[in-house]
Number of protein chains: 2
Amino acid sequence: MRYLITIEYNGKNYCGWQYQKNALSVQQVIEDKIFEFLGQRVKLAASGRTDSGVHAFGQRAHFDIDTYFPMKRFPLAINNILPDDIKIKDIQIVDGGFHAQYDAKRKIYVYKLYISRIESPIRKDTHARIIPPFDFELMKEGAKLFLNTHDFKAFSSTGGNIKNTVRTIYRLELEKIEDEITMEIEGDGFLYNMVRIIAGTLVWLGKKKLSLEDIKEAMLTQNRKKAGKTFPAHALYLKEVIY
Amino acid sequence: MRYLITIEYNGKNYCGWQYQKNALSVQQVIEDKIFEFLGQRVKLAASGRTDSGVHAFGQRAHFDIDTYFPMKRFPLAINNILPDDIKIKDIQIVDGGFHAQYDAKRKIYVYKLYISRIESPIRKDTHARIIPPFDFELMKEGAKLFLNTHDFKAFSSTGGNIKNTVRTIYRLELEKIEDEITMEIEGDGFLYNMVRIIAGTLVWLGKKKLSLEDIKEAMLTQNRKKAGKTFPAHALYLKEVIY
């Protein structure tokens, strides 16, 4: 039987989602705790990797178990032995042909920012800082450039061996409440570091280190150097995976 | 000369604002760092204490220095030696008769909540949890009962030796975005644990452990036992002190 779980985690103390030698991953912690609970090794297949330090409100992963599995007891039992910074929010049975990565239709990410002359004691681990002055209206103008289908090669880091760099962004919302800005972005998929580079590009636009024309040019010429820098991982949250 | 500083801190690792023997307070850290910077001991007088674990976006405190004081250099220099979880946001000169506590006209606190069946890995240190089911509309109804001038004795913990327990609440706003609720409360002053007990009372109302009538009765009879419980310190933020 194939099971799909929804996971919330604070990425601060992990090398990312994916298993790595010599570093602790979220995947490894959950697989080890499932083994502790079931006495059986399972292999988790997630909707995608998240990098070191990136958080998730709703990561998804599937696994198979062919013997008896006490699904009803599972979330409570596994959460009791998982650390505070990783919890299973939901489990459901899925079709044997379902795949957490390949069947993902859309993903929603959130990027959290604040505007301040000083590094915030309260938000240093959860938000990225923008040093004032900052033009939020200009940032909102820039956000429109990313909507719809484009080649996002300029807004990705090399490292993946992905050939098709065309993606569709359905929604890029920016909300400012007092000194905090929340960016919420929904797309059919995201290239390596793409959300962090879009965040960095929009911040540089609002800081007037880049212009709207620069962003258009980056997109057309697929030139990574024309886009903004990759903003920090600790402010990025995988909010939801839509199947 | 009297100086007024604005301080942001994450209260997690401190016994509260106020100096205590055998425990590290925010006040002591700042006083020690000012001594390190100036070679002179100052005594900070804050707008009020915050309890162990409580955070502040805008705590205020005054101190006196009669010799030369490099005020312009102060914030940058002191922030360089302060720990990451305490920073000075602003400094200004005030009148010699000004007092950070006695001249405070209003204070604004924020209390952060989320509704979830599981303890949130991302919000466990910053928000308090409400276990569903929860009636947010009923919570909003209850909030109106606290507005204006009342005797808030039922909504305070003993421990202070305060005789006048009458306070005025100018504003109590509740905003729900997805599974998060933010309570913002502005008053002319707050009794010991008052914001945390109002938060606890409104949560118990939404959980139907208390009724609107219970809250009215608590207020009229000044009976602490009729109100809700004191909710956790880690979700409370002193947002602003108004002079």
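Side chains are part of it too, since the values below use all heavy atoms of this structure and drop only hydrogens, waters and symmetry mates. Each chain gets a letter, A, B and so on, in the order its sequence line appears, and its residues count up from 1.
- When each of A:Arg171, A:Lys239, A:Lys107 is tested with A:Glu186 by the rule side-chain hydrogen bond (donor to acceptor under 3.5 Å, both in side chains), just one qualifies, namely A:Arg171.
- If you check the side chains of A:Arg196 and A:Thr230, you find no donor sitting under 3.5 Å from an acceptor.
- In summary, the aromatic rings of A:Phe155 and A:Phe146 are positioned with their centroids under 6.0 Å apart.
- Residue A:Lys87 touches chain B through both its backbone and its side chain, counting heavy-atom pairs closer than 4.5 Å.
- No part of A:Ser116 comes within reach of chain B, as not one of its non-hydrogen atoms sits under 4.5 angstrom from that chain.
- For a residue to count as touching a neighbouring chain, one of its non-hydrogen atoms must lie under 4.5 Å from one of that chain's; by this rule B:Asp84 touches chain A with backbone and side chain alike.
- For B:Ile88, the part lying near chain A is the backbone, with the side chain staying farther off; criterion is any non-hydrogen pair under 4.5 Å.
- At a 4.5 Å heavy-atom cutoff, the contact between B:Lys89 and chain A is made by backbone and side-chain atoms alike.
- In this pair, A:Tyr111 and A:Phe231 present their aromatic rings tilted. The plane angle is within the 30 to 60° band.
- Inspection of the A:Asp85 and A:Tyr14 side chains reveals an N or O donor paired with an N or O acceptor under 3.5 Å.
- Only the side chain of A:Tyr237 comes within contact range of chain B, with heavy atoms under 4.5 Å apart.
- Both the backbone and the side chain of B:Glu8 have a heavy atom closer than 4.5 Å to some heavy atom of chain A.
- For chain B, no part of A:Leu76 is nearby; none of its heavy atoms comes within less than 4.5 Å.
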Problem set entry | Test salt bridge (Lys or Arg N to Asp or Glu O under 4.0 Å) applied to A:Arg106 and A:Asp188, step by step | CA-CA 4 Å; A:Arg106 297 182 181 204; A:Asp188 63 352; over 6 Å; no
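- With a threshold of 4.5 angstrom between heavy atoms, A:Ile122 approaches chain B through its backbone and through its side chain.
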Problem set entry | From CA spacing to verdict: salt bridge (Lys or Arg N to Asp or Glu O under 4.0 Å), A:Arg123, A:Asp179 | CA-CA 11 Å; A:Arg123 291 166 293 192; A:Asp179 62 347; 3.1 Å; yes
